[in-house]
Amino acid sequence: MRWFERSCGQESQRKQLLPRSRFQRVRLLLTVGIVGALSVSAFADDLNPFGLPQSSSSTHHGSVMLHGGGNGLARDKEGATDSEMGDAIREKFLQLARIGKKKARIVFIPSEKQGNEKQSDYEEQLKDDYWRWYRFRERTDEVESFDWFYPDQDDCTHEDCRHLDLLEKATGVWMTAADQESLPELYAAEYPQATSRFQKALRRVVANGGVVGGLGGAASSLPETVINGNEDSTSGWARARLRFGLALFDGAIVDQNFDRRAGRLERMTNLLRNGPRLNRFEEIPGVERRTIGLGLERYTVMILKQNTVEVIGNRRGHIFLKGNGDRTVLWKTLGNHETLTLRTGSDSQPMPGPTLVDSQNPFGMPVPAHANQWGQVVLHGGKTTDELRQYYPQLVASHPDLMAHPGRLPRLVHCPAADRADLLSAIPGNDPPEIRRARHDQHLRTSYAVWADMAPTFFERVDFAAPDDIEDQSSRNNPKFVAPLRKAHAVWFSGGNQRNLTKLFGNAAKPSEFQRAVIDVVRQGGVVGGSSAGLAVMPTIMVSSQSGDEWEPKSADLDFGFGVLKNAFAEQHFDARTGRIERLTAQLRSPVWPDGYANPPQPEQMIGIAVDEETALVIRNNRVRVIGERTAHIFLLARDRNTVTWHALKSGESAVIQENGRHEYVLDVENWRFD
């Protein structure tokens with residue numbers, strides 16, 4: 001951290017602005033792990049992973065309540081959506097504000113500003129808008145005081161604001177805000193150079209055992225680092241724009257409306273994996289290596305207290321932990337009244353116990369015809385394939401037939417049929433069949449010369465699998481058309497539209513001869529791969545497109561694929577197209593198969609695969625390897641379906657997937673070691 005590059009005097013001043021826990025975390029440099037109902041260790045980090053204000057009492061620990069949004073909690077007198085759950089959340093707030101069962105002193109900070117009306121009229125409007133909260137004033141046996149803190153008072157931005165006196169005495173503070181920018185601008189404008197009296201007062205409420213809570217934008221404004229919308233971009237993932245917040249806590253970052261806005265999952269996970277480090281001296285907000293991500297759905301509250309998280313509400317809360325050198329994001333989903341404990345731990349995975357029946361074949365590859373002579377599947381994310389094309393002959397060199405005949409070159413079949421427009425443009429419809437076929441063959445060898453010219457140097461021959469009549473679906477069962485596949489050691493599918501491939505060559509109810517031949521190449525120990533659309537067709541269940549309007553999280557439209565990988569969902573262009581992580585993880589958690597499958601996969605066995613552009617994931621039984629420029633991703637689902645582990649592997653990295661003794665898959669990054 002650059003903090004320690006400064007003088008001791010500057011460092012000392014900076015420490016006073018922040019909760020002590022951040023400096024303790026920097027010294028320990030441990031990785032956070034999730035456990036349920038575990039005993040708490042003595043490490044300070046175990047007690048305070050969220051960086052909450054240091055407790056002034058050993059018996060009463062403060063809390064933070066984060067509400068994901070929705071009007072049901074704040075107002076709507078008659079029949080508000082989720083109003084009963086809103087009452088439960090308010091009651092929980094009151095319980096936490098009653099430190100040691102004493103009477104609560106509540107301060108409410110509304111988002112509405114006073115206009116030209118009289119002060120009395122303004123207060124009457126607040127009482128009407130927030131009548132469910134104001135009703136606490138009547139419960140004199142539990143509540144000592146209930147006061148408004150007006151956000152539009154000019155003197156409230158100064159240190160002598162009379163309302164700050166109320167905040168100093170509060171045991172419970174609740175805030176509403178239309179956005180996550182307004183409260184920091186009002187009450188923390190000089191942070192990080194200076195910490196305001198407002199910020200210090202909020203911290204003392206929690207430090208003294210009370211509770212601070214916020215709705216929507218107010219909840220998102222409570223951390224030190226705040227997601228303040230998206231960076232301007234016309235393509236690729238949604239990326240967070242950051243600013244400093246109220247700095248009530250500094251170990252987590254918060255995003256609200258997690259179930260209602262497209263791109264929230266993208267920007268949260270991208271920020272955790274690729275976010276800049278925090279630099280207060282340069283006024284650049286960012287995230288630490290150990291920052292925890294908190295995603296809040298509407299009408300749902302997440303309560304942080306020491307190292308526990310509790311969720312109350314009709315929907316869900318999401319917790320994201322990163323580790324393993326930023327390779328891995330662990331994503332846990334909690335429902336109503338579910339509680340989670342966090343503690344420090346190592347990156348090592350549990351050793352395998354009793355194995356699943358297919359623990360050596362987690363992706364559902366074709367079982368090898370010859371014992372342990374597995375074939376390989378290559379999934380390329382799209383765009384440039386130069387590096388992979390040069391590497392392809394090396395991949396196929398382990399084919400049993402080639403190993404048995406040293407010096408023999410492999411045979412390759414290249415299928416460009418996903419690019420229907422390209423094929424149609426080259427085939428005049430009024431030519432005689434012989435001329436048509438000749439022109440078609442010449443076009444393929446010209447347009448895909450980078451593959452065709454690899455014979456005879458790297459391949460014995462290169463054949464093309466694309467009918468000269470692009471509407472001819474009978475080719476999928478035509479013995480003459482399929483014959484080159486029967487002799488191939490390797491197959492490659494280029495990009496385009498994956499539905500063109502399945503329409504021509506696939507069949508969900510009864511696999512076509514084309515499908516059988518492709519699968520058999522892998523079964524015999526060969527290599528089958530594809531880029532973009534060629535990647536998409538490899539699983540049994542294919543993602544064909546996506547649905548959802550501009551503002552909503554995306555969902556996958558499904559179709560049948562070729563079935564080379566039975567137990568996988570696969571996404572291409574992962575780093576360049578929005579909505580990919582949303583639709584992949586949603587389908588992984590709640591799989592729904594299209595009708596018509598003769599032998600559909602089992603939901604509990606499914607694994608998510610996603611590959612960035614100019615990158616390939618090479619799969620061989622339970623091992624994976626990354627080739628190319630960027631990153632490939634593996635998503636593993638726990639048995640309870642509430643925990644997703646996202647592994648991001650960089651170019652050159654290899655990993656093995658195995659069973660952990662609880663009928664769950666885990667991924668271990670492979671490293672060399674002495675035997």
Side-chain angles (χ1 to χ4, degrees), residues 378 380 382-397 399 401-402 408-476 478-498 500-505 512-515 517-518 521 526-538 562 614 616:
V378 181
H380 188 273
K383 281 200 164 182
T384 304
T385 60
D386 291 347
E387 183 176 7
L388 179 61
R389 189 175 64 253
Q390 295 171 12
Y391 198 63
Y392 219 59
Q394 299 178 42
L395 290 176
V396 77
H399 193 290
D401 181 40
L402 301 177
R408 181 178 178 182
L409 292 177
R411 291 182 173 220
L412 170 70
V413 172
H414 182 280
C415 181
D419 194 347
R420 173 186 170 91
D422 178 65
L423 296 179
L424 285 174
S425 67
I427 308 172
N430 54 356
D431 282 341
E434 297 80 8
I435 296 177
R436 180 189 183 91
R437 282 192 291 271
R439 286 194 176 186
H440 176 58
D441 185 68
Q442 182 59 43
H443 171 73
L444 292 177
R445 295 189 175 277
T446 300
S447 293
Y448 301 95
V450 290
W451 289 93
D453 292 348
M454 295 181 74
T457 305
F458 300 104
F459 292 104
E460 179 182 307
R461 62 178 295 146
V462 175
D463 294 299
F464 287 92
D468 54 13
D469 181 357
I470 203 65
E471 304 292 343
D472 181 16
Q473 296 182 359
S474 67
S475 59
R476 61 189 174 193
N478 185 324
K480 184 176 180 180
F481 183 83
V482 175
L485 286 170
R486 300 291 186 192
K487 300 178 181 180
H489 302 95
V491 182
W492 181 258
F493 293 87
S494 56
N497 187 323
Q498 55 263 40
N500 293 338
L501 290 172
T502 55
K503 181 180 178 181
L504 274 175
F505 304 129
S512 67
E513 291 303 311
F514 184 96
Q515 285 176 264
V518 170
V521 170
V527 180
V528 171
S531 178
S532 187
L535 175 156
V537 297
M538 292 299 160
F562 285 168
E614 300 178 343

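We use all heavy atoms of the structure for the numbers below, so side chains are in, but hydrogens, waters and symmetry mates are not.
In terms of the ring pair (Phe, Tyr, Trp, His ring centres under 6.0 Å) criterion, Phe458 has no residue partners (sequence neighbours excluded). Partners of Phe459 according to the ring pair (Phe, Tyr, Trp, His ring centres under 6.0 Å) rule, which considers only residues two or more places apart in sequence or in another chain, do not exist here. Residues satisfying the salt bridge (charged side-chain N to carboxylate O under 4.0 Å, His left out) test with Glu614, not counting sequence neighbours, are Arg630. Scanning for side chain to side chain donor-acceptor pair (under 3.5 Å) contacts around Asp401 gives His405, Arg408, His489, with sequence neighbours left out. Ala418 is linked by a side chain to side chain contact (heavy atoms under 4.5 Å, CB included) to Leu501, Ala533, counting only residues two or more places apart in sequence or in another chain. Every side chain to side chain contact (heavy atoms under 4.5 Å, CB included) that Leu444 has, sequence neighbours left out, goes to Pro416, Leu423, His440, Tyr448, Phe464, Ala466. Partners of Ser447 under the side chain to side chain donor-acceptor pair (under 3.5 Å) rule, at least two apart in sequence or in another chain, are His443. Taking the side chain to side chain donor-acceptor pair (under 3.5 Å) definition, one finds that Thr457 meets it with nothing, sequence neighbours left out. By the salt bridge (charged side-chain N to carboxylate O under 4.0 Å, His left out) test, Asp441 pairs with Arg445, sequence neighbours left out. Contacts of Lys487 classified as side chain to side chain contact (heavy atoms under 4.5 Å, CB included), with partners at least two apart in sequence or in another chain: Arg411. Every salt bridge (charged side-chain N to carboxylate O under 4.0 Å, His left out) that Asp463 has, sequence neighbours left out, goes to Arg461. The side chain to side chain donor-acceptor pair (under 3.5 Å) check on Ser532 picks up His573, with sequence neighbours excluded.
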Can you list the steps and then say if Thr502 with Gln498 is a side-chain hydrogen bond (donor to acceptor under 3.5 Å, both in side chains)? CA-CA 7 Å; Thr502 55; Gln498 55 263 40; over 6 Å; no
